[in-house]
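Proteins come first, then strands; the chains are lettered A, B, ... in the order of their sequence lines, and each starts at number 1.
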Protein chains: 2
Amino acid sequence: MIGRTRDPNKAEVGDVRATNLAVVLRCVREQGPCSRADIAAATGLNKTTVSSLVSELLRRRLLRETGTTENRVGRPAIMLALDGASSAAIGIEVNADYLTAVAVDLAGRPVLSWRRAFPGNTVSPARTVTAVTALIRRVVTRIEHDGRQVLGLGVALPGLVDPDGRARLVPSLNWRNVDFAAELVDALRGPGFPVEIGNDANYAVLAEHRFGEHAGTRDLVYLTGGTSLGAGLLVDGSLRRGHSGYSGEAGHIPVPAPGGTAPLETVASITAIARRVLPDDTRDDEHLSLAEIELRIDEIVARARAGDPTTLTRLHDAAKDLATGIFTLVSVLDPARVILGGYYAELAPWLLPVVNDLLDTRGIPADEPIAVASTLSLDAPALGAAARVLDAVEQGRLPDNTTPARALAAAARAPR
Amino acid sequence: MIGRTRDPNKAEVGDVRATNLAVVLRCVREQGPCSRADIAAATGLNKTTVSSLVSELLRRRLLRETGTTENRVGRPAIMLALDGASSAAIGIEVNADYLTAVAVDLAGRPVLSWRRAFPGNTVSPARTVTAVTALIRRVVTRIEHDGRQVLGLGVALPGLVDPDGRARLVPSLNWRNVDFAAELVDALRGPGFPVEIGNDANYAVLAEHRFGEHAGTRDLVYLTGGTSLGAGLLVDGSLRRGHSGYSGEAGHIPVPAPGGTAPLETVASITAIARRVLPDDTRDDEHLSLAEIELRIDEIVARARAGDPTTLTRLHDAAKDLATGIFTLVSVLDPARVILGGYYAELAPWLLPVVNDLLDTRGIPADEPIAVASTLSLDAPALGAAARVLDAVEQGRLPDNTTPARALAAAARAPR
DNA sequence: TTTGTTTGTCTAAAACCCGAACTAATTCTA
DNA sequence: TAGAATTAGTTCGGGTTTTAGACAAACAAA
């Protein structure tokens, strides 16, 4: 794949270089530490070419030499690994209760993971921009203090985001048409690295694709949500946002309900499940904070673990509705796995058997269960935002290593 | 995009050429007849490069010069167009009642369109291979007699097809695990052009993407079927088959039904609609031939046109169920259009208003109606199979023009 | 110590794209 | 009607990239 130039997909000779640099990077990540000769064998690239590519990646500090093999016939090989000390990708998540910031190195290893309370739902977008900007600055300072270059930044929002970074609709933050990307870049005064805004479920599925138990699987559906229920869709290895960015609205899938049909999220979203399993709880569940959701999940888990029959029956009923929705998703998309993420993961022990049973009963062929629980924590969206940055690098958009980040900042401001 | 080499996506210098040849081809198709200078302006390629690319495409007889512009300031431009006389792509459809063969030239213009009765459902796979082979031979002979090179061949089957061309399950032909591609290539004794087998709904959506009223739309869902109900999914401009090739099983979507839930195809497939609208008809509808389906469709259309209230009410009820299924598809995939194809197209005048109404009521944002009727005839699958061949050419897999097709045949047999 | 094996680099060649200069063919203008 | 202006397309030299083959380096085994 090339396609780095903006024009209608024309290719230049330089694109070959970018593509092959990315091929080498991916090869080193997938195969672990390996020699130039290994890379040549694995990729089909000529030894000479690999040497040239590797020396450029060494110069750019994306690879490093880790020593030589010993006790082998022939000349010892110089082993290469991703340089985990020279750079970092940043992922941020904004939601109704808190801000999360994570950073990972080029190999995906965690560099930092912060969380602070922030009432995103009771604060204006402008103040949120200020808070997020301050957080980003602290993260960047920390990262650069460690001698790392910032590869890029992704920000996850729990709502609808345009490809150009406008937040079209974020119910839990009471946002509508907030040009978050532009305001953020403005507030950062030319960050000097790429900034992207995205949907939390979409980023989460990218996190699963890179860090999850089924990393590398090219067809995934990731379910998450609180009052709503959204899906991140990974098809053929890429995120699919749909024609208008509305794809994955799994919560709107009609499922049978007493007296006809109801949107899936009214019977099987996290808050809906909580309402069904804990009906004695009379608090208004339309505007539950995440903290309140967590309390309820904990209570459900406690009761279920204790074997409370009412809880188990009600959970089973809710699971059957969720299973119907998942069966629909599988019928349409045929993913390799459907991942129960977010708060669903904590309920997975009681949900998964029902879901996989229904999929099996209805004849979905599978060697192993299709529905699985996410093993990533609630950091998944932020992790995914960072993963997106790493994906970009591994697609050939290498960081600009020639100019210091600060000089770039000025240049970035001019065209705006 | 490059990615022509088999290895893990490595790029060679030659890939740039293939990519840019394809860019020029697409440019000429999309812009209509245009000059080298126009191409350079539209693609961002250098004038020199365009000249070089065009001269190669002229030599390969994929482009031709159509004359010069006049009455313009400056040197007249030599206009270029796709050479519609030098080659053709073949599409075949096999189903329970008949074989269809179409051929189109490089510009997509029809070259031939044949249909012959063939009882695919009562005949062994081996005899079907023989019949299809004979049909292909006649088509190839005719095309080569016209001095055209065969660019490739696609065969549409109404069932599940592996990426490597094995027919896993084709209910209406009583096929299970038939290695159709291999047998066909064998019977053709090295065709000398690429052969691909695919699913009819998948090919049909490709036909819509190239020839349909909304050609060029990159996110489409195409609905078709008889007793079953399948969808072809075009996402981000490419066909999506899912992890195991089972994607688009829209007929399995659970929808509310009296006494719970039912698979969509039991209430809104073509035969289900016929059964609901013409309940006095007592013939077994499980194994309806296409001819019988057509008879029933005609009768429904006649009654509806006459304004028969019972027919209209029943059609409306069926349309509501179909609409529920389509709403689900739209919620999950967010396509630009959902196309009612196959026999649905004939019922579209009564189905579409109900469907679009429901989408609108449930808040799917759309400037224009999302659900539309296919304007392609029942040839869509065969046309799409041919379109697939043209797509491949426009992706840079240009036909091998150096060796005559007959010589290639021998070479192709050797590795097998 | 010699031989064989494996690794990595050097060199020359081929393919490709690009910018600048140049030729070509027409309309415009005085 | 002759020259200027304009647009189209080609020629030429230069730069980038990959590649095959030769070669040097470094080790184990004999």
Side-chain angles (χ1 to χ4, degrees), chain A residues 2-24 28 33-59 63 65-80 396 398, chain B residues 2-24 28 33-59 63 65-80 396 398:
Chain A
I2 272 196
R4 298 200 343 102
T5 35
R6 300 287 162 274
D7 308 274
N9 300 337
K10 79 161 186 179
E12 306 167 8
V13 179
D15 292 335
V16 176
R17 186 72 171 182
T19 303
N20 287 337
L21 286 169
V23 166
V24 171
V28 173
C34 53
S35 68
R36 292 166 174 77
D38 294 335
I39 296 172
T43 62
L45 287 162
N46 190 282
K47 279 193 307 176
T48 316
T49 310
V50 172
S51 265
S52 163
L53 293 165
V54 164
S55 70
E56 177 169 352
L57 292 171
L58 289 171
R59 187 175 53 72
L63 291 183
E65 298 181 335
T66 64
T68 58
T69 55
E70 287 175 25
N71 296 326
R72 261 189 3 187
V73 179
R75 173 175 166 178
I78 307 167
M79 300 309 274
L80 300 162
L398 303 193
Chain B
I2 272 197
R4 297 203 339 106
T5 35
R6 301 285 163 277
D7 307 271
N9 301 337
K10 81 160 186 183
E12 308 168 7
V13 179
D15 291 337
V16 175
R17 186 70 171 182
T19 303
N20 287 336
L21 286 169
V23 165
V24 171
V28 173
C34 53
S35 68
R36 291 166 174 78
D38 295 335
I39 297 171
T43 62
L45 288 162
N46 189 282
K47 279 195 305 176
T48 316
T49 310
V50 171
S51 267
S52 162
L53 293 165
V54 164
S55 69
E56 177 168 352
L57 292 170
L58 288 171
R59 187 174 53 71
L63 291 183
E65 298 181 334
T66 64
T68 58
T69 55
E70 288 175 22
N71 299 325
R72 264 189 4 188
V73 179
R75 172 175 167 177
I78 306 166
M79 301 308 276
L80 300 161
L398 303 193

For B:Asn46 and A:Arg75, take the nucleotide of DNA chain C holding the closest heavy atom to each; which residue's nucleotide lies nearer the 5' end?
-> A:Arg75
Just to confirm, is there a sub-4.0 Å distance from OP1 or OP2 of C:dC18 to any side-chain nitrogen or oxygen of A:Lys10?
-> yes
Look at the side-chain N and O atoms of A:Asn20 and state whether any lies under 4.0 Å from the OP1 or OP2 oxygen of D:dT18.
-> yes
Find the distance A:Asp15:CG to D:dT18:P and express it as a whole number of Å.
-> 11 Å
Side chain to side chain, B:Asn9 and A:Thr19, heavy atoms closer than 4.5 Å = no
Could you pick out which residue, A:Ser52 or A:Gly74, lies toward the 5' side of DNA chain C when each is mapped onto its nearest nucleotide?
-> A:Gly74
Contact under 4.0 Å: A:Ser35 side-chain N or O vs C:dG8 OP1/OP2 = yes
Separation of A:Ile78 atom CD1 from D:dA25 atom P, in whole Å?
-> 14 Å
Atom-to-atom span, CG of A:Leu57 to P of D:dT17 - whole angstrom = 13 Å
Could you go through the side-chain contact (heavy atoms from CB on, under 4.5 Å) check for B:Glu12 and B:Asp15 one step at a time?
-> CA-CA 5 Å; B:Glu12 308 168 7; B:Asp15 291 337; 4.1 Å; yes
Specify the separation, in whole Å, of atom CG of B:Leu21 and atom C1' of C:dA15.
-> 13 Å
Judged by nearest nucleotide, the residue sitting upstream toward the 5' end of DNA chain D, A:Pro76 or B:Ala37, is B:Ala37
Protein-nucleotide distance (A:Ile39, atom CD1; C:dT7, atom C1'), rounded to Å = 13 Å
Between C:dC18, C:dT9, C:dC16, spot the one nearest the side chain of A:Lys47, thanks.
-> C:dT9
Identify which nucleotide among C:dC17, C:dG8, C:dA25 has an atom closest to any side-chain atom of A:Val13, counting heavy atoms from C-beta outward.
-> C:dC17
Gap between atoms CD and P, on B:Glu56 and C:dA15 respectively (whole Å) = 12 Å
Atom CE of B:Met79 to atom P of D:dA8: distance rounded to whole Å?
-> 10 Å
Mind calculating the distance between CG (B:Leu45) and P (C:dG19) to the nearest angstrom?
-> 11 Å
With no angle test and no hydrogens, is the base of D:dA20 tied to the side chain of A:Thr48 by a donor-acceptor pair under 3.5 Å?
-> yes
Any side-chain N or O of B:Arg36 under 4.0 Å from OP1/OP2 of D:dT10?
-> yes
At under 4.0 Å, does any side-chain N or O of B:Arg72 touch on OP1 or OP2 of D:dT6?
-> no
Begin from the C-alpha positions of B:Ser52 and B:Arg17 and carry the test side chain to side chain donor-acceptor pair (under 3.5 Å) through to its verdict.
-> CA-CA 10 Å; B:Ser52 162; B:Arg17 186 70 171 182; 2.8 Å; yes
Hey, mind stepping through B:Leu80 and B:Leu57 against side-chain contact (heavy atoms from CB on, under 4.5 Å) and telling me if it holds?
-> CA-CA 10 Å; B:Leu80 300 161; B:Leu57 292 170; over 6 Å; no
Heavy-atom closest contact (B:Thr69 atom, B:Met79 atom, distance) = CG2-SD, 3.5 Å
Please tell me which of the listed nucleotides, C:dT5, C:dT7, D:dG9, lies nearest to the side chain of A:Val73?
-> C:dT5
